[in-house]
Amino acid sequence: MTVTIMLDDRLETVMFGYPLSAGWIEADGVSRVPYLPPSMIGDATLALVDSIAALTMLGSHVIVRDIAVVCRHSSMLTLLTHTRPDEVEEVAVSIPGVSPAGRAVATAVLQPFYGIRVLAWSEDDHAVDSAHATLTEGTLALIPVHDEQQYQEDLGRAWFLMTDRPFVSHVAVAPRATLASSPAGVLAAVERLLESRRVASERGRELRRDLSRGLAIDRDTLTDTLADQTHELDDDALDGLAVLAARGGLRMSRRELMDALISVSPGR
């Protein structure tokens, strides 16, 4: 069978995606789509997709534990407020273009961790002031704001401090039908993404140099954030995903999640 891979092409997934976009490894059969929606995945052999979006696909797909993006203590998800976030009582929160997983983390931490009551969630991009806060993700989350009146808070770190679990931003999914008919194809797709991650690690200095220059991100900040990531759905990450699903409002039992898990790499 022809192996096809779809990748949510964002800074969070750069350890899988950059070697493909930079031409360091062969990219035939790989489609890179920013903020990849489930509706575009179709029958792709493997897709690296937003974790909360993936949990809506379990009727037709399984989660492949060998590939994931796991933020252990920090993330590329920040909240901008007009004063210290623990001094904010209530605001409307702008979430333009923010992923489902990012929204789930914000929903989970703003009230319980900071005591912020969210009056409304808005797709409109409002200026940050006493009535509005803004959620930023990816590149924007790693660029410091220069307005001394604004505060920038890492919600992935808040999530870890509140739950003692990592934030799983992305997981890999494969169609149940493909797994049944061509397990070798799923294995080949997993091995290809693992190879991309290996090359990204081997050429990490070059990767961080190119990205920091191209995106105007401080290299030390980028280095620290990427170093905090792990890239498989181990038991600790699985616990984090289960808690995120529950606190993000998904009606899913842990048994349903466990039943949707597979691993194809030898030795797992």
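Note that the structure is predicted; figures quoted are calculated from it, not measured.
- Taking a 6.0 Å sphere around CG of D259, one finds it holds more than 12 heavy atoms contributed by other residues, nucleotides or ligands.
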Q.
side chain to side chain contact (heavy atoms under 4.5 Å, CB included) for L79 and Q152? Distances and angles first, verdict last.
A. CA-CA 6 Å; L79 179 72; Q152 198 169 17; over 6 Å; no
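- For the pair L238 and R65, the minimum side-chain heavy-atom distance is below 4.5 Å.
- Here the side chain of E12 pairs a donor or acceptor atom with the backbone of G138 at under 3.5 angstrom.
- Side chains of D8 and R32 form no contact here, defined as non-hydrogen atoms less than 4.5 Å apart.
- When every heavy atom of L55 is checked against every heavy atom of M252, the shortest pair comes out as O-CE, 3.3 Å.
- In this structure the side chain of L233 reaches within 4.5 angstrom of the side chain of L241, judged on heavy atoms.
- No donor-acceptor distance shorter than 3.5 angstrom exists from the side chain of D124 to the backbone of H126, with no hydrogens or angles considered.
- In terms of heavy-atom proximity, V91 sits nearest to H132 at CG1-N, 4.2 Å.
- For the residue pair S60 and R176, no side-chain donor N or O sits within less than 3.5 Å of a side-chain acceptor on the partner.
- H73 and D228 form a side-chain donor-acceptor contact under 3.5 Å, judged by distance and modelled atom types alone.
- Atom CZ of R165 has more than 12 heavy atoms from other residues, nucleotides or ligands within 6.0 Å.
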Q) Going through the checks in order, is the side chain to side chain contact (heavy atoms under 4.5 Å, CB included) test met by S31 and M6? A) CA-CA 5 Å; S31 298; M6 298 202 73; 4.1 Å; yes
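- Counting only heavy atoms from C-beta outward, the side chains of H61 and V49 never approach each other to under 4.5 Å.
- Shortest non-hydrogen contact noted between V64 and A174 is CG2-CB, 4.0 Å.
- Side chains of Q229 and M76 form a contact here, defined as non-hydrogen atoms less than 4.5 Å apart.
- Of the charged side-chain nitrogens involved, none lies within less than 4.0 Å of a carboxylate oxygen, so that D220 and R208 do not count as a salt-bridged pair.
- When only modelled atom types and interatomic distance are considered, T78 and D154 share no side-chain donor-acceptor pair under 3.5 Å.
- Residues A189 and T45 share a closest heavy-atom pair of CB-CG2, 4.1 Å.
- The side chain to side chain contact (heavy atoms under 4.5 Å, CB included) test with I217 is passed by exactly one of L211, T225, L11: L11.
- Contact annotation: the side chain of L46 never approaches that of V173 to less than 4.5 Å [non-hydrogen atoms, C-beta and beyond].
- Linking Ile, Leu, Val, Met, Phe, Trp and Tyr residues whenever their side-chain heavy atoms come within less than 4.5 Å leaves L142 and Y151 in two separate clusters.
- With contacts defined as side-chain heavy-atom distances shorter than 4.5 Å, the pair D236/T230 does not qualify.
- S253 and E256 make their closest contact through N-OE1, 2.8 Å (heavy atoms, listed as atom of the first residue, atom of the second, distance).
- Salt bridge annotation for D234-R72: present, with a cationic side-chain nitrogen under 4.0 angstrom from a carboxylate oxygen.
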Side-chain atoms of residues 95-114: list all donor-acceptor pairs with protein atoms under 3.5 Å, sequence neighbours left out, distances to 0.1 Å.
from: S99; atom 1: OG; to: D50; atom 2: OD2; distance (Å): 3.4
from: S99; atom 1: OG; to: G102; atom 2: N; distance (Å): 3.0
from: S99; atom 1: OG; to: E137; atom 2: OE2; distance (Å): 2.5
from: R103; atom 1: NE; to: V98; atom 2: O; distance (Å): 3.0
from: R103; atom 1: NH1; to: E123; atom 2: OE2; distance (Å): 3.1
from: R103; atom 1: NH2; to: V98; atom 2: O; distance (Å): 3.4
from: R103; atom 1: NH2; to: E123; atom 2: OE2; distance (Å): 2.4
from: T107; atom 1: OG1; to: R103; atom 2: O; distance (Å): 2.9
from: Y114; atom 1: OH; to: E153; atom 2: OE2; distance (Å): 3.1

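- The ring pair (Phe, Tyr, Trp, His ring centres under 6.0 Å) check on H231 picks up F16, with sequence neighbours excluded.
- Between D66 and I262, the shortest heavy-atom distance links the atoms OD1-O, 4.2 Å.
- Without hydrogens or angle criteria, W159 side chain to P166 main chain gives a donor-acceptor distance under 3.5 Å.
- Using a cutoff of 4.0 Å between basic side-chain nitrogens and carboxylate oxygens, R198 and E195 are scored as salt-bridged.
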(Q) Go through it in stages, so that I can follow the logic: the residues are Y18 and V199, the test is side chain to side chain contact (heavy atoms under 4.5 Å, CB included), and I'd like the CA-CA distance, side-chain angles, deciding distance and then a yes or no. (A) CA-CA 9 Å; Y18 193 76; V199 172; over 6 Å; no
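- Residues V33 and L7 form no side-chain contact, since every pair of their non-hydrogen atoms from C-beta on lies 4.5 Å or further apart.
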